[in-house]
Amino acid sequence: MKDIDVIVQSIITHQREVLGPLAVDQAKGIAGLTITSDGKVKISLKKDTDSKNLLSDLVKKYEKLFGRASIEVCKDAIKESGVKYADSDLPDILR
Amino acid sequence: MAKSDPKMNTVLQKINEQMYERNVELTVKNKTLSVQRELYEIINTTLGIKETAERLVHVITRELDFRGGSILLVNRKEKTLDAVASASAHAHPLKKNVPIMRRLDKMRFRLSDRHNMAVAVVHTRKKLVTRHMFDIVTPHVRHAEAEVLQAQLNIQTLALYPIKFGGKVLGVLVLGMDKLVKDLSRSEKETLKEVIELVGIALEQAQTYIALKRANQRLKELDQMKDDFVSVASHELRTPMTAIKSYLWMALAGKGGKLTDKQKYYLDRSYTSTDRLIKLVNDMLNISRIESGRLTVAYEKVDIVKLVEEVREEVLPRAEELKLNVMIEKPKVSEVAADPDKIKEVLFNLIGNSLKFTEAGGTIGIFFEERGEEIVTSVKDSGKGIDVQDLPTLFTKFGMVEGSYATNKKASGTGLGLFISKSIIELHGGEITLASEGVGKGSTFSFSLPVYSPAVVKKLLRKNSGKINKGEEKKEIIHTGV
């Protein structure tokens, strides 16, 4: 998916508005995702890792702790990211 | 190691979720408040309509990250909907769009043209959405041109909102976005909803401010015209009337030969009427000067007892003619802060009234009292007195006691003297009052003046700045007293 890093950045930024630094801590544990010391997102996907899966893992991480409301925040973050995407680019949890 | 309690975990999970939801609400509210704060700043700044509209559309476009926006306002006089402001996310992408953009900025639609979607919003008073810019710019821009512009501005959807205030539709807010309306986030929808209301308030405020400014300017012009008219008319009237009065006086004095009784009677009536007219014009001129703040008032240290003595000397011949006794009590009182010429006019007016309304053989007494920081001067007569119900009207313009018209007519009164006296005393920070026990029981007019000190003069000048002439062309009170 194009601009996956912009979308992920938007999700973490939106979650940070709600949770503060905890949002970044939760994102750090996602495979293929690196957060730099100044809070920037770097995606380093392995050959067989799907960006859709990365997105799914990130959203589920928030959902596990904070429930459905956190999924809605992620959806809003994607809408506000400015990235053009097709529904098929998104994991089921975000459709 | 102790096992975690599943029930406890569920409770904690629930608490987490609830707190998260509360935080989300607060975050959305916070974003909305941030935009609202900017809009309130616009509302609280007095700007013209166009500037207000421009600032509004820029803030909304920027904060909500829209591709562009425009405000159109209803022109009820011309029956049109006029574009007054627009904003876009970026500078016009291509130079060739500039002519079209300029046309868009000046567009005007007839309110009868319901094919135009913006006009339709005015009539339906409801939000409308379109994916075609042509629906909003027709008939000023061709279909093909509109499509090209829309593509270059990257606008996918245009939402049109009626701008309302007090049940009226003031205009239309057009917002161009690069997504569908359903794809707006909750935060964006929430903010937009709050913002539309504030746009109505801001524009209504701007329109009211402009209307008030125009009305104020018009009132100032009318006020100036009135003052100019009174001033010119007074001057133009006084010159011929003074000539008439002079010739009548000479005729009455026998300068033109002996007169019959009837001729004397006619000339005497004419003289009295002319005299009244001159006094009326002078009084009106005085009032005009007082009310327009053009009266020169120079506060100085004044011995009020000495001032009253000077006035008594001047009125004594008339008092003797009327067989009236004018007495002054001469206590030692502090000097007052006053303009002596203006206070003399007040004394002439009050003593003049007493002379008018006291029968032959009566007495007029002038007394003084020092009460703390002020000196009260009273003019007491043994004259006709005043009915209690007439007291409130006497200090108003043309406020005369019932039945005194004949007396005033005989003695050339205009009904403006007490109003002028009150205005003068008030410019001195004092008060003028009237006491009478009723008809046939005499009256006492009293006025207060502040004890002199430089601080008192400073206070008076500060209090009356705007109400008195500050040393430009000197404008004095025209003497109309006794």
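Just so it is clear: chains get the letters A, B, ... in the order the sequence lines come, proteins before strands, and each one is counted from 1.
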For B:K182, is it the side chain, the backbone, both, or neither that has a heavy atom closer than 4.5 Å to a heavy atom of chain A?
-> backbone
Report, as yes or no, whether the 6.0 Å neighbourhood of atom CZ on B:R114 holds more than 12 heavy atoms from other residues, nucleotides or ligands.
-> no
Please check if any side-chain donor atom of A:E80 sits under 3.5 Å from a side-chain acceptor atom of B:S185, or the reverse.
-> yes
Looking at OG1 of B:T27 and CZ of A:R16, how far apart are the two atoms once the value is rounded to the nearest 0.5 Å?
-> 13.0 Å
Region of A:K64 that comes under 4.5 Å of a non-hydrogen atom in chain B | backbone
Is A:V73 close to B:R186 at the side-chain level, that is, under 4.5 Å between some pair of heavy atoms?
-> yes
For A:V18 and B:N23 the tightest heavy-atom approach is O-ND2, 3.0 Å
Chain A heavy atoms under 4.5 Å from B:Q156: which part of the residue, side chain, backbone, both or neither?
-> side chain
Among the listed options B:E21, B:Q13, B:R22, the residue most often paired with chain A at heavy-atom distances under 4.5 Å = B:Q13
Is it the backbone or the side chain of B:L184 that comes under 4.5 Å from a heavy atom of chain A, or both, or neither?
-> backbone
Start with the C-alpha distance between A:R68 and B:Y20, add both sets of side-chain angles, then the distance that settles side-chain contact (heavy atoms from CB on, under 4.5 Å), and finish with yes or no.
-> CA-CA 10 Å; A:R68 281 220 61 85; B:Y20 184 90; over 6 Å; no
With the side chain counted from C-beta on, respond yes when A:F66 and B:Q18 share a heavy-atom pair under 4.5 Å apart, and no when they do not.
-> no
Honestly, the part of B:K14 sitting under 4.5 Å from a heavy atom of chain A is neither
Give a yes or no on whether A:K60 atom NZ has more than 12 heavy-atom contacts from other residues, nucleotides or ligands under 6.0 Å away.
-> no
Is B:D183 salt-bridged to A:K79, cutoff N-O under 4.0 Å?
-> no
Spatial distance of atom CD (B:E17) from atom CG (A:L65) [nearest 0.5 Å] | 9.5 Å
State the CG-NZ distance between B:D178 and A:K84, to the nearest 0.5 angstrom.
-> 4.0 Å
NZ (B:K189) with more than 12 external heavy atoms under 6.0 Å = yes
Which one of A:H14, A:K75, A:E72 has the most heavy-atom pairs closer than 4.5 Å to chain B?
-> A:E72
